[in-house]
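I have placed the structure first, in the form of C-alpha cells, so that the comments after it can refer back to it.
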Amino acid sequence: MLALSKPGYSTICSEILTHYINQNIFFDEITMPSHGPHMKSERAMLESYKVVLGVIGSDCHVVGNRILDRFLSNAGIEVVNLGVMVSQEEFMLAAQAENADAILVSSIYGHGEIDCQGLRELCQENGIGDLLLYVGGNLVIGKKDWKDVESLFLEMGYDRVFAPNMDLANAVCVLKDDIDMQRISRLGHNSTRRHAPIAAVI
Amino acid sequence: MELNNKRLDDDVFDAERKEILTGWHTGKDAEFDAGVKQQSALPKSKQFSAVLAKAEVEGNTLLQPRAGVALLREHTALMLGLTPHCDVLPTTIDAYTRLNRYEDAQKGIDRSRAAGTSLLNGFPAVNHGVSSCAALVESVEKPIQVRHGTPDARLLGEITLCAGFSSYEGGGISYNIPYAKTVSLEKSIRDWQYCDRLIGRYEEQGVRINREPFGPLTGTLVPPFVSHVVAIIEGLLALEQGAKCLTLGYGQAGNLVQDVAAMRALRNLAHHYFHKAGFCDYALSTVFHQWMGGFPEDEAQATAVICLGALAARMAEVTKIIVKTPHEASGVPTLEANIAGLRATRQMVNMIADQTRPDGEDITQEAAIIEAEVHAVMANIYALGNGDIARGVVTAFGNGQFDIPFSPALANCGKLTPIRDNLGAVRVFDFGEIPMPTDIRAFHHDKIAERAKAENREASFDMVVDDVRAISASKLIGRPAAA
Ligand code: B12
C-alpha cells in the first residue's frame, strides 16, 4: 500500500488505492525486451521509476488500466494507480505528493478532447510544469486519422500520445528512456526545476 | 431509510419526485399526465412493448444498434439514417449525463456546436429536455429506447418517458458496478426502484414501458451465471415496483455451445424465479449483445466477430440483438459503420433462421450447469437478506459472496477471476468468496486444467491477460505464442 503523505489529499483517494491494490488482478511476469540504446548516467541508472496512472474524467473503462498497471509494475516501475474517474486535480496532487516521474493518463470513452485539456497548465501552476505527461486510449470521438489525434494532444502539452493498439513493451521502453533523459538533462542545471514554479500564474 | 424490496409508497415517491425534477432546469417540464398522453398517442409500431410482443409471437429476431451524438438535429438525422436497417432504435446517452454532470454535458453541447462535430459520446437528453426529446420521438417511425449507464437515472427517466421513449435500459446493479466508482449499491438500487416505480405508474395508466436490465455488465469474460443472477434480481425488483414488460440480457462469451445454453437457461431461470416470487402477469423477452469486450481494429476481422454473435443469437432464438460495428475498437461509429454492422448481422440471421434448432447433449449439459450455479448464488442471496433480495444482494456484494469481474466499483470485491477453457467457454479460475457446491467447483477446475495441459503451462493470471486481449488479437482463446 502506497502512503499518500500530502496533507489534504483526501482519504477517499487512499481508500480507492487500497481497493485497486486489493483487487485480485495479478498478472504474471511479462518479459520485457532489453532496455533502449541511450547512454545513461550512473545516477539515472540507479534511480527507480515512479508514475501516476489513471483514467481521466467521467470514464469508467478499467480493463486497460488494470493491464497497464501490471505491465508497468512487472517492468520494475512503481505505479500509483488512481483507477478510473480521476480529475486533473487528483492527477496533479498525486504526482506532487508522490514525487512522480510521469503522469500516465488514459482516456477511453471519447471525451479526451474535453477532459485532457489543461492538465499541463495545472501542473505548471503547481510547480511541476516539466513533469512528463503521457496520454493514451480512444482519445477522441470516432475513428479519426491518428496523425491529427496525435498533434491535437501534443499541442495540449502531452509529451507522448498512444493509440489503443500500441505495443505495450515498446511504450514501457520509451517511458524509461524519457525519464532517464529528463534526469540527465536536469543534472547539468544543478537545480530541482520541477519543484520550483516555472511561472506563477494567478 | 432501510433498503428493502417493497413497492415505494405513493407519498414517498411523490415527495422524492418534486426534488428530482429540480435537478436541472428542464425537469420542470416533465409532467406525468402529459407523458401518459404522449405515450398513449404512440401508434403500436412505435411502442417498444408491442414490437417485442409481436417478435416473440412470430419468432423474429429484432436488430438494434447503439447510437447517440451531442446535438438534436444530428441525432435525429442519425436515427433516420439507421431506421431502414434496424427494427428498434436506441438513443445512447453521453457519459456526463450518466453521472448527472449536466453542466459538463452543456459544455459538451456548446463545444460540439462550435466544433461542428459531436464531442460527446452520446445524446445528452436531460439537457435537451422534454420538448426536444418529444420532437425526436415524433420524427422517427420506430420504437426508441434510452440506453445509458446511469446509477441515478431518475431525472433522465422522468424526462425521456414523458417525451415518448418507450423502453428504459438499466438497473441498480448493472448500471452501478460496471459504470461507477464510488456509488453505494444501496443508493443505486434505491434510485432504480424509483425508475421502476415510475414505469409501474405508467403501467397503471395503461402505458406499457419496456424495462431492460443491462445484461453484459463489464463485457469482459463475465461467466453466464454472474450476469444471469443480476438480470433475475433486477427483473424481480422491477416487477415489485409494477413494471410488467421485461427484456433480460446477456453478453456473448464467444463459445457457441455456452452462448446458446446461456440464453436458454436465462429464460427458464427467469420464469422460475418470477413465478416463485408470485408474479405471473408479465411479458418476458430476451436480448443478446454481440461481443462486449475488446474488438479487433481491422474492420474485416471485426465483422467476423459481429457475425459470430449474430449466429449464436439466432441459434439461441433471442428476441433482440444489440449489434456492434466494424468501428468498435476505434471509436463511436459513423452512420455508415453502424449500417455495415446491421447488414452483416441481418444476412447472418436470415441464413440461420430457417435451419433447425441445434439441441445437442453439450448444450443441455451446459444449460444445466448454469442453472445450478444460479440456484446456488440465488439461494445464498435470499438467505443473506432473510428472504429480501434487495438486502441480500447488498450484503452479498459487501462480503464478496457475489462478485463481478473487471469492475471499477468500490462496492464490488473483484476477487472472482474468469478464464477460458480449452474450447473457449468462460470458466471460473477463482470463485473468491462466492459459495459454490464442490461438484461445480470441480467442473470448472477440470475444464481449466484441460486447457493448461494443452498449453503446457500452469493456469495463471497470465492466461487471464491473454484471454482479455485475445479477440482483438484475432483469436478466441489467449494461447501462448509458441503453442
Ligand atoms: C468493455 C467496454 C466497455 C465496458 C467497460 C467495463 C469497464 N468498467 O471497464 C462497458 C460496457 C461498461 C462500457 C461502457 C461504455 N463505453 Co465502452 N467499450 C468497451 C470496449 C468494447 C472494450 C474496452 C476494453 O476493455 N478494452 C481492452 C483493454 C485491454 O484495452 P484498452 O481499454 O484500449 O486499453 C489499452 C490501450 O488503450 C492502452 N492505453 C490506454 N491508456 C493508455 C495510456 C498510456 C500512457 C499508454 C502508453 C497506453 C494506454 O493500453 C491499454 C492496455 O492494453 C471498447 C471498444 C473496444 N476497444 O473494442 C468500448 C469503447 C471504449 N466504449 C466506448 C463508449 C463510448 C462507452 C460508453 C460511453 C457508452 C457509449 N456511449 O457507447 C460507456 C462508458 C461510460 C463511462 N462513464 O465511461 C467507446 C469509446 C468511443 C470513442 N472514444 O470514440 C468504445 C471505443 C466503443 C465504440 N466504438 O463506441 N464499455
Side-chain angles (χ1 to χ4, degrees), chain A residues 10 12-13 15-31 54-55 57-71 74 82-87 107-115 117 137-146 149 163-166 168, chain B residues 69-70 94-99 101 104 107-108 111-112 115 117-122 149 178-182 218-220 293-294 296-297 299 326-327 329-334 337 403 405-410 412-417 430 432 458 460-466 468-469 472:
Chain A
S10 66
I12 183 81
C13 269
E15 257 173 50
I16 288 164
L17 267 177
T18 322
H19 176 76
Y20 277 91
I21 290 158
N22 288 343
Q23 294 259 344
N24 191 8
I25 310 290
F26 302 120
F27 299 134
D28 273 2
E29 200 60 47
I30 296 160
T31 37
V55 188
S58 306
D59 196 335
C60 73
H61 291 93
V62 78
V63 183
N65 170 268
R66 297 262 163 83
I67 299 227
L68 281 171
D69 187 339
R70 295 317 302 181
F71 224 90
N74 287 337
L82 304 179
V84 302
M85 298 189 181
V86 182
S87 68
S107 179
I108 312 291
Y109 72 156
H111 292 178
E113 207 169 331
I114 301 176
D115 296 339
Q117 177 82 55
N138 296 80
L139 291 169
V140 297
I141 292 288
K143 183 168 184 166
K144 298 277 156 63
D145 193 336
W146 176 248
V149 177
N165 62 355
M166 47 85 239
L168 276 175
Chain B
V69 290
D94 73 288
Y96 293 139
T97 302
R98 293 167 183 225
L99 293 164
R101 297 188 181 176
D104 288 333
K107 268 184 230 151
R111 289 191 54 173
S112 299
T117 174
S118 177
L119 296 180
L120 291 179
N121 52 22
Y179 285 98
K181 184 177 186 176
T182 56
T218 58
T220 307
E297 205 201 356
E299 295 190 18
H327 280 187
S330 309
V332 169
T334 56
D403 199 357
F406 293 103
S407 151
L410 296 168
N412 186 69
C413 182
K415 279 195 184 158
L416 180 139
T417 311
D430 183 349
E458 294 273 303
S460 70
F461 295 98
D462 228 358
M463 273 190 193
V464 184
V465 186
D466 292 344
V468 166
R469 291 154 42 105
S472 41

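Worth saying up front: this structure is predicted, and the values here are computed from it rather than measured.
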- Query: Distance-only, no hydrogens or angles: does the H111(A) side chain make a donor-acceptor pair with backbone N or O of N121(B) under 3.5 Å?
  - Reply: yes
- Item | Note, V465(B) side chain near R70(A) side chain (heavy atom, < 4.5 Å) | no
- Task: Sort E458(B) into side chain, backbone, both or neither according to what part of it lies under 4.5 angstrom from a heavy atom of chain A.
- Result: neither
- Message: Can you tell whether the side chains of K107(B) and D104(B) come within less than 4.0 Å, N to carboxylate O?
- Response: yes
- Message: At a 4.5 Å cut-off on heavy atoms, which part of P405(B) comes close to chain A: side chain, backbone, both, or neither?
- Response: neither
- Looking at D59(A), I141(A), N165(A), which one has more heavy-atom pairs under 4.5 Å with chain B than the rest? I141(A)
- Message: Please evaluate residues K144(A) and E113(A) with respect to the criterion salt bridge (Lys or Arg N to Asp or Glu O under 4.0 Å), reporting the C-alpha separation (whole Å), side-chain torsions for both, the decisive distance (0.1 Å), and the verdict.
- Response: CA-CA 13 Å; K144(A) 298 277 156 63; E113(A) 207 169 331; over 6 Å; no
- Under 4.5 Å to a heavy atom of chain A? For T220(B) that would be side chain
- Message: Heavy-atom cut-off 4.5 Å, strictly under: side chain, backbone, both or neither for L99(B) against chain A?
- Response: side chain
- Item | T218(B) side chain to P178(B) backbone, donor-acceptor under 3.5 Å | no
- Under 3.5 Å, side chain of T417(B) to main-chain N/O of K415(B), donor-acceptor pair present? yes
- Message: Under 4.5 Å from any heavy atom of chain A, what part of R469(B) do you find: side chain, backbone, both or neither?
- Response: side chain
- Which of G110(A), G112(A), S58(A) touches chain B most, by non-hydrogen pairs under 4.5 Å: S58(A)
- Query: What part of A329(B) lies closer than 4.5 angstrom to a heavy atom of chain A: side chain, backbone, both or neither?
  - Reply: backbone
